[in-house]
Amino acid sequence: MQDRRHDLPGCFDSREIPVPVEVVNQSGRPVSLCRYRRMAGALLRIAGLGHMHLGLLFTDARGITEINRQWFGRQGPTNVISFPMEDPGILGDVVICMDRAAKEAEQGLTTLENRVMELLIHGLAHLMGEDHELGDEHARRMAEKELELRDSLIMEGLMADLCINVDHIATIRQARGGNEPDPVLAAGIVELAGADGVVVHLREDRRHIQDRDVRIIREVVKTRLTLEMAATDEMIGIASELKPDIVTLVPEKRQELTTEGGLDVKSLEDSVADAVKRLHDAGIPVSLFVDPEPDQIEASSRTGAECIEIHTGRYADAPGAAEQDMEFEQIVKMAGMASDLGLRVHAGHGLNYMNTARLAAVSEIVEFSIGHAVVARASLVGLERAVREMLALVKGTA
Ligand code: PXP
């Protein structure tokens, strides 16, 4: 496909194009245009073009008619236009006409959201060099490419995210009171390894993660940061200032080795709802760490939190296969119930290399938070290398 941008005088300038302020779907609900930016990022990754930049613009019939007139000498609106770029690092721009997308969604008996996704994929396939206008063979190849991209996108959507809790890197540091190993460096390594996010638990007693850790990790994390914390005034103040991507409210007892049970949202509904509101006022989404029990999940949905994290401790610690099966079934049931109530479902606690895969197949669980098992394994699989490096120093062979 030719670079039309370079065929034409001037330069495509998205600032001249009217952008719809609010787009609503067939049910009158607002359509989040941001999700298509995330989708475009995922599509680029899937296509092996994750290093490239893609401009994405939504406009209305008036806007796309103007682009057609100005750039192609064509009359009237079209649904999508791709502008390839020859610059290294920039794939090009895709402009989507929301009016046309809405009309086509109606005609094709699909949702507006789905039609916009199809148009985004179509526009991207053009930027990847496909062009259905060049003949039947090209049209068939392009259709195949679009199907492949759509299937991969759906598969990616079905995969849960993995966020790694680096508390226990700090636990090792605190054992000597020095500054190594640094959970800040661990957070960077976790991201380099491909994790979808980093989790830290700032406990009231500061037994592992320190205030300084959260502050610097907030600055360096490029994926997303989950801050686990108790719903206290002090912690809400810290979170409001640091603005993690999400807060997970957990219960905290001073004497416990780790978070032993879920937050009792049923008994503490009013105070939890108040904490959720204060965090929302600071622009922070909230997840509640709860046991897989119906009344806890119902209470959670009433607090206004957008998410729950199912406490998987009972499943992880089940004494036998039968008990574990029972706990598994309970988690599946509760994940479905929470999802039906409109809550996003995360899961965590005690998950390891033996018991995680089974839960990863539960489609309602969209995120896992895992810490101890990963840090424990890292200490063993990294031990040999660490010994070899010290041997080289002692033997003078470094
Ligand atoms: N989720 C929550 C809310 C937790 O409190 C913890 C433990 O800090 C985890 C997940 C991770 O548990 P683990 O360290 O056992 O993987």
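Residue indices begin at 1 and follow the sequence shown. For ligands, and for the atoms within them, numbers begin at 1 and follow the listed sequence.
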Student: Report the relative orientation of the aromatic rings in Tyr315 and Phe328; use parallel for angles under 30°, tilted for 30 to 60°, perpendicular for over 60°.
Tutor: tilted

Student: Would you check if there is a donor-acceptor pair between the side chains of Asp264 and Ser267 at a distance under 3.5 Å?
Tutor: yes

Student: Provide the closest heavy-atom pair for Val247 versus Pro244 in the form atom of the first, atom of the second, distance.
Tutor: CG2-CG, 3.7 Å

Student: What about His372 and His349, are their ring centers closer than 6.0 Å?
Tutor: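 No, ring centres 6.0 Å or more apart.
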
Student: If you define the side chain from C-beta out and look only at heavy atoms, does anything of Thr312 sit under 4.5 Å from Glu327?
Tutor: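 Not touching, per the 4.5 Å side-chain cut-off.
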
Student: Whether Arg62 and Glu66 form a salt bridge (side-chain N of Lys/Arg under 4.0 Å from carboxylate O of Asp/Glu) is what I want to check.
Tutor: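 Here Glu66 does not pair with Arg62 in a salt bridge, since their nearest N and O are not under 4.0 Å apart.
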
Student: Considering only heavy atoms, which of Glu252, Glu228, His346 lies nearest to atom 4 (C) of ligand 1?
Tutor: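 Among Glu252, Glu228, His346, the closest heavy atom to atom 4 (C) of ligand 1 comes from Glu228.
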
Student: Decide whether an N or O pair under 3.5 Å exists between Ile370 and ligand 1.
Tutor: no

Student: Going by the order shown, which atoms of ligand 1 are within less than 4.0 Å of some heavy atom of Gly371?
Tutor: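 Contacts of ligand 1 toward Gly371, numbered from 1: 13 (P), 14 (O), 16 (O).
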
Student: Run the numbers for me: atoms of ligand 1, each under 4.0 Å from some heavy atom of Glu309, listed by number.
Tutor: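 Near Glu309, the atoms of ligand 1 are 1 (N), 2 (C), 3 (C), 10 (C).
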
Student: Hey, does Ala373 come in under 3.5 Å of ligand 1, counting only N/O atoms on both sides?
Tutor: no

Student: As an exercise, identify every atom of ligand 1 less than 4.0 angstrom from a heavy atom of His372.
Tutor: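 Near His372, meaning under 4.0 Å from one of its heavy atoms, ligand 1 has 13 (P), 14 (O), 16 (O).
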
Student: Looking only at side-chain N and O atoms, does Gln75 offer a donor or acceptor that is under 3.5 Å from a partner on Asn68?
Tutor: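 The answer is no; no qualifying pair exists.
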
Student: Number the atoms of ligand 1 from 1 as they appear, then name those within less than 4.0 Å of a heavy atom of Phe289, with their elements.
Tutor: 2 (C), 3 (C)

Student: Please work out, at 4.0 Å between heavy atoms, whether the side chain, the backbone, both, or neither of His311 comes within that distance of ligand 1.
Tutor: neither

Student: Quick one: does His168 get an N or O within less than 3.5 Å of an N or O on ligand 1?
Tutor: no

Student: Measure the spacing between CD1 of Ile46 and CE of Met39 and express it to the nearest 0.5 Å.
Tutor: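 Nearest 0.5 Å value for the CD1-CE distance: 10.0 Å.
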
Student: Working note: Ile331 + Leu359, criterion side-chain contact (heavy atoms from CB on, under 4.5 Å); need CA distance, chi angles, decisive distance, verdict.
Tutor: CA-CA 9 Å; Ile331 291 173; Leu359 282 182; 3.9 Å; yes

Student: Is any N or O atom of Thr248, backbone or side chain, closer than 3.5 Å to an N or O atom of ligand 1?
Tutor: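 By distance alone, the answer is no.
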
Student: Closer than 4.0 Å to some heavy atom of Ser369 - which atoms of ligand 1 meet that?
Tutor: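 That gives atoms 1 (N), 10 (C), 11 (C) of ligand 1.
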
Student: Hey, which atoms in ligand 1 end up nearer than 4.0 Å to a heavy atom of Val250?
Tutor: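 Here the atoms of ligand 1 in question are 3 (C).
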
Student: For Asn165, counting its heavy atoms only, list the atoms of ligand 1 lying under 4.0 Å from any of them.
Tutor: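 Near Asn165, the atoms of ligand 1 are 8 (O).
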
Student: Of the listed options (Ala316, Gly350, Cys163, Pro251), which comes nearest to atom 15 (O) of ligand 1 when hydrogens are ignored and any heavy atom counts?
Tutor: Gly350

